[in-house]
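Got a structure here, written out as structure tokens. Questions coming.
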Amino acid sequence: MSTLTVLRPLAQAPAADLARVRFVLTDMDDTLTHRGRLSARTYDAIERLRDAGLPVLPVTAAPAGWADQMARMWPVDGVIAENGGLFLRRTPDGDAERRFWHGEAERAAVAERLDRLSHAIREALPGVEPASDQPFRLTSLAFRAPEDTGLRAALAALFREAGADVTVNSLWVLGWIGGYDKLTMARRVLRETHGLDIDDDADAVAYAGDSLNDAPMFAHFPLSVGVSTVADILPELPAPPAWITRGPGGDGFVELADALLAARRTVR
């Protein structure tokens, strides 16, 4: 049996379950994008969901600098960035407000700890390379994911030994301090911005992803969807998605958007 047959095809998801969704949360890298690019059809899918009354919120390990642009200019309801470190949302005048996981005083202490950890890691593992987008991060420390699995494991171990949280996705080995993740920040954001309790009403959310750091979201939401490339990491995932798309990256997200919109038209 192939890995792909372990997960149920999204095309088989019950229309009634799809029709209950009121919010779409999604990973960005390799879920909205494919091979580092965002296609016009994926952007259009986000806009079609928005226009149909289904807010889209990217939930990503990407830096605050990327998320700021997305929050200001994309047809999204806001962006959870740096694996939960902060939430950015467009204000009526076109600016972007930031809500951090940590309070202001605590953020300064955390930033100092991360700076010390960065120097310690580079001294211990001279073969690792800081992420090129590190200057645009406000709450996390990212290194380019080494191709050498042993080096990748050693890097993750140094984060953990320093008391930091760590995750690995298709681009980075990412560390932060605070015990939060995508799910805990999504819980806070949806409660504060929309009055939604995702523990009482998990069926109201569809989540799309492809990476190890999506596992908490896959575990929590019944309508969790992996784009097709999630099959590559299925043996490593603590919790797999409930459904899988035919296509990779943005094409998979378009499948999800089309399924949600079709269900809203047919289920009353």
Going by heavy atoms in the side chains, are Val128 and Leu151 under 4.5 Å from each other?
-> yes

Is there a side-chain contact between Arg90 and Asp95, using heavy atoms and a 4.5 Å cut-off?
-> no

Between the CD1 atom in Ile80 and the CE atom in Met28, the distance rounded to the nearest 0.5 Å is 13.5 Å

Could you state whether Leu260 and Val205 fall into the same hydrophobic cluster, counting links through intermediate Ile, Leu, Val, Met, Phe, Trp or Tyr residues with side-chain heavy atoms under 4.5 angstrom apart?
-> no

Same apolar cluster: Leu54 and Val225, side chain cutoff 4.5 Å | yes

With Asp214 via side chain to side chain donor-acceptor pair (under 3.5 Å) - residues at least two apart | Lys182, Tyr207

Above 12 or not: heavy atoms from other molecules or residues under 6.0 Å from CZ of Arg246?
-> no

Is the closest side-chain heavy-atom distance between Pro130 and Arg122 below 4.5 Å?
-> yes

Report the C-alpha distance between Leu183 and Phe221 in whole Å, list the side-chain angles of each, state the deciding distance to 0.1 Å, and finish with yes or no for side-chain contact (heavy atoms from CB on, under 4.5 Å).
-> CA-CA 10 Å; Leu183 180 62; Phe221 296 110; 4.1 Å; yes

So does Asp258 pair up with Arg48, basic N to acidic O under 4.0 Å?
-> yes

With rounding to the nearest 0.5 Å, note down the distance linking CZ in Arg160 to CG in Leu155.
-> 9.5 Å

Given side chains that start at C-beta, do those of Leu125 and Leu158 come closer than 4.5 Å, heavy atoms only?
-> yes

N/O donor-acceptor pair under 3.5 Å between Thr193 side chain and Val189 backbone = yes

Parallel, tilted or perpendicular: which describes the rings of Tyr43 and Trp74, with under 30° parallel and over 60° perpendicular?
-> perpendicular

Between the side chain of Ser39 and the main-chain N/O of Thr42, is any donor-acceptor distance below 3.5 Å?
-> yes

When rounded to the nearest 0.5 angstrom, what distance separates OG in Ser228 from CG in Leu10?
-> 12.0 Å

Any chance you could measure Asp199, atom CG, to Leu196, atom CG, to the nearest 0.5 Å?
-> 9.5 Å

With the 4.5 Å side-chain cut-off for hydrophobic clustering, are Val227 and Ile233 part of the same group?
-> no

With side chains defined as the heavy atoms from C-beta onward, is the minimum distance between Ile177 and Leu114 less than 4.5 Å?
-> yes

Taking all non-hydrogen atoms of both residues into account, name the closest pair between Asp29 and Asp27 and its distance.
-> O-OD2, 3.0 Å

Inspect the contact between Asp251 and Arg41 and indicate whether a charged nitrogen and a carboxylate oxygen are less than 4.0 angstrom apart.
-> yes

Just wondering, do Asp133 and Trp66 contact through their side chains at under 4.5 Å, heavy atoms?
-> yes

May I ask you to test the Trp172-Asn213 pair for a side-chain heavy-atom distance under 4.5 Å?
-> no

Single-linkage hydrophobic cluster, 4.5 Å side-chain cutoff, Val56 and Leu223 together = yes

Carefully, step by step, assess Arg98 and Asp68 under the rule side-chain contact (heavy atoms from CB on, under 4.5 Å).
-> CA-CA 9 Å; Arg98 299 171 181 173; Asp68 184 274; 4.1 Å; yes

All salt bridge (charged side-chain N to carboxylate O under 4.0 Å, His left out) counterparts of Arg22, not counting sequence neighbours | Asp201

Can you list, pair by pair, the side-chain donor-acceptor contacts under 3.5 Å of residues 138-146, counting residues two or more places apart and other chains?
| from | atom 1 | to | atom 2 | distance (Å) |
| --- | --- | --- | --- | --- |
| Thr139 | OG1 | Glu82 | OE1 | 2.9 |
| Ser140 | OG | Glu82 | OE1 | 2.8 |
| Ser140 | OG | Arg137 | NH1 | 3.2 |

Report the distance from atom CG of Leu49 to atom CZ of Phe253, rounding to the nearest 0.5 Å.
-> 5.5 Å

Of the non-hydrogen atoms in Ile198 and His220, which two are nearest, and what is the gap between them?
-> O-NE2, 2.8 Å

Check whether the side chains of Thr184 and Arg188 place a donor and an acceptor atom closer than 3.5 Å, and report yes or no.
-> no

Decide yes or no on side-chain contact (heavy atoms from CB on, under 4.5 Å) for Thr167 and Asn83, but give the supporting numbers first.
-> CA-CA 9 Å; Thr167 192; Asn83 219 59; 4.2 Å; yes

Closest non-hydrogen atoms of Ala67 and Ala81, given as atom of the first, atom of the second and distance, are CB-CB, 3.6 Å

Would Thr60 and Val79 count as a side-chain contact (heavy atoms from CB on, under 4.5 Å) if you check the C-alpha gap in whole Å, the side-chain angles of each, and the deciding distance to 0.1 Å?
-> CA-CA 8 Å; Thr60 176; Val79 184; 4.1 Å; yes

Nearest-0.5 Å distance that lies between atom OG in Ser118 and atom CD in Glu123 | 11.5 Å

Give the minimum heavy-atom separation between Pro241 and Ser224, together with the two atoms involved.
-> CA-OG, 3.4 Å

Pro222 and Ala202 have their tightest heavy-atom pair at CD-CB, 3.8 Å

Is there a chain of hydrophobic side chains (I, L, V, M, F, W, Y, each step under 4.5 Å between heavy atoms) that links Leu256 to Leu32?
-> yes

Is it true that the NZ or CZ of Arg99 lies under 6.0 Å from the centre of Phe87's six-membered ring and within 45 degrees of the ring axis?
-> no

Do the side chain of Arg89 and the main chain of Gly78 share a donor and acceptor less than 3.5 angstrom apart?
-> no

How close do Ala186 and Leu25 get, heavy atom to heavy atom, and via which atoms?
-> CB-CD2, 3.9 Å

Evaluate the side-chain proximity of Leu7 to Val230: yes if any heavy-atom separation is below 4.5 Å, no if none is.
-> yes

Note: Glu104-Arg107 ion pair, threshold 4.0 Å (strictly below) | no

